[in-house]
Amino acid sequence: DDLESLAGAIKRAETAVAFTGAGISAPSGVPTFRGDDGVWDRFDEGQFTYGRFRSDPEGFWEDRIELQRVMFDGEYEPNAGHEALADLGQTGHLEAILTQNTDGLHWDAADSRHGGDDPESELATEHDHDGTEILELHGNARRVRCVDCGTRSDGDPVFERAAEGEVPPQCDCGGVFKPDVVLFGEQLPGAVIQRARSLARESDVFLAVGSSLVVEPAASLPRLAASSGATVAVVNLESTPCDSIADVVCQADVTDVLPRLFDLVES
Ligand code: OAD
């Protein structure tokens, strides 16, 4: 069937790349953005623009604390979908995981499956686990970054201070902290987007997982991969705008499809 042919393509591929969105973390309990009860049902995107962060950092941070509560309240664990991708990486079948998610769960999966905690992992912006690159296109919401001196630090103590009324929270240097994520109206770092594009172009298999594929660069990366000759697969509970250009479409849960895919690749 389709999954078998996809597994075959992954086995033959020199470069297979996974591209993930909120749907891969949904089974871990992290809310998605779109759809019923999605984050953008409860909040307005306008509350979290870069322009607002600059002009009204106090209001921005008050709202951000609420968003942080809704999105990351609780100790989320990676699920079988994250783990199957980590396993594909570990066995040399996956060159890179590009993610739009800011929850850090791909790193946790790689750490927990293979080789224990990397002491640097909390603050590193790019990861390499057993040769698998993990590229977080939208940053990492567990960290903050000072807009003046550029220092990155663990977000938890800073979010706590903000929740207790220090808004906007400040770095020792006196600069304002910003969540270390890409805000609306803010460009993705040039090097990150370039790397994502070149991986999409290089890939022989491009696996788009749990993303609605409606915002950039999610909307164009699968097309770029397809036009460069990759086998494109879409795994999503619902149909997406990229289904028409995909070679394989699996309308199913990531925690079902990805472990089965891994087993087929290994068999
Ligand atoms: P979305 O919320 O737009 O899409 C999540 C997708 O996951 C939907 O298409 C669901 O059908 C699918 N899904 C949910 N649960 C699933 C499951 N168990 N198995 C398979 N599929 C499942 O999230 P993203 O596409 O990640 O940007 O959104 C992209 C960006 O838009 C986000 O990174 C965020 C948002 O605005 C920023 O914050 C900059």
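Atoms within each ligand, like the ligands themselves, are counted from 1 in listed order.
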For R145 and C171, run side-chain contact (heavy atoms from CB on, under 4.5 Å): C-alpha distance rounded to whole Å, both residues' side-chain angles, the deciding distance at 0.1 Å, then the answer.
CA-CA 9 Å; R145 184 164 189 267; C171 175; over 6 Å; no
Regarding ligand 1, does F33 bring an N or O atom to under 3.5 Å of one of the ligand's N or O atoms?
yes
Stepwise side-chain contact (heavy atoms from CB on, under 4.5 Å) test for V167 and R161
CA-CA 8 Å; V167 282; R161 276 159 46 195; over 6 Å; no
Short version for H138: what comes under 4.0 Å of ligand 1, heavy atoms counted, is side chain
Do any nitrogen or oxygen atoms of V215 come within less than 3.5 Å of a nitrogen or oxygen of ligand 1?
no
Determine whether any heavy atom of W40 lies closer than 4.0 Å to an atom of ligand 1.
yes
Under 3.5 Å donor-acceptor, N101 side chain and D103 backbone:
no
For atom 29 (C) of ligand 1, closest protein heavy-atom neighbour
Q100 OE1, 3.1 Å
Contact check: G21 vs ligand 1, nitrogen or oxygen atoms, below 3.5 angstrom
no
Numbered atoms and elements of ligand 1 in range of A26, under 4.0 angstrom, heavy atoms:
15 (N)
Step through it carefully: locate the ring centre of F184, locate the ring centre of Y50, and say whether they are under 6.0 Å apart.
no
Heavy-atom contact under 4.0 Å between A252 and ligand 1?
yes
Which of the numbered atoms in ligand 1 are under 4.0 angstrom from any heavy atom belonging to F184?
36 (O)
Does a donor on one side chain and an acceptor on the other come within less than 3.5 Å for N79 and S28?
yes
Electrostatic pair R52-D63, nearest N-O below 4.0 angstrom:
yes
Need the ligand 1 atom indices (1-based, order shown) with element for anything under 4.0 Å from a heavy-atom of P27.
18 (N)
Is E45 in polar range of ligand 1, meaning some N or O pair under 3.5 Å apart?
no
Contact between G210 and ligand 1, counting heavy atoms under 4.0 Å?
yes
Are any of the side-chain nitrogens in D108 or R142 under 4.0 Å away from the carboxylate oxygens of its partner?
yes
Quick one: does A218 get within less than 4.0 Å of ligand 1, heavy atoms only?
no
Flag for S211-Q100: side-chain donor and acceptor within less than 3.5 Å:
yes
So does E133 pair up with R195, basic N to acidic O under 4.0 Å?
yes
At a 4.0 Å threshold, what atoms of ligand 1 neighbour a non-hydrogen atom of V182?
39 (C)
At under 4.0 Å between heavy atoms, which part of A22 makes contact with ligand 1: side chain, backbone, both or neither?
both
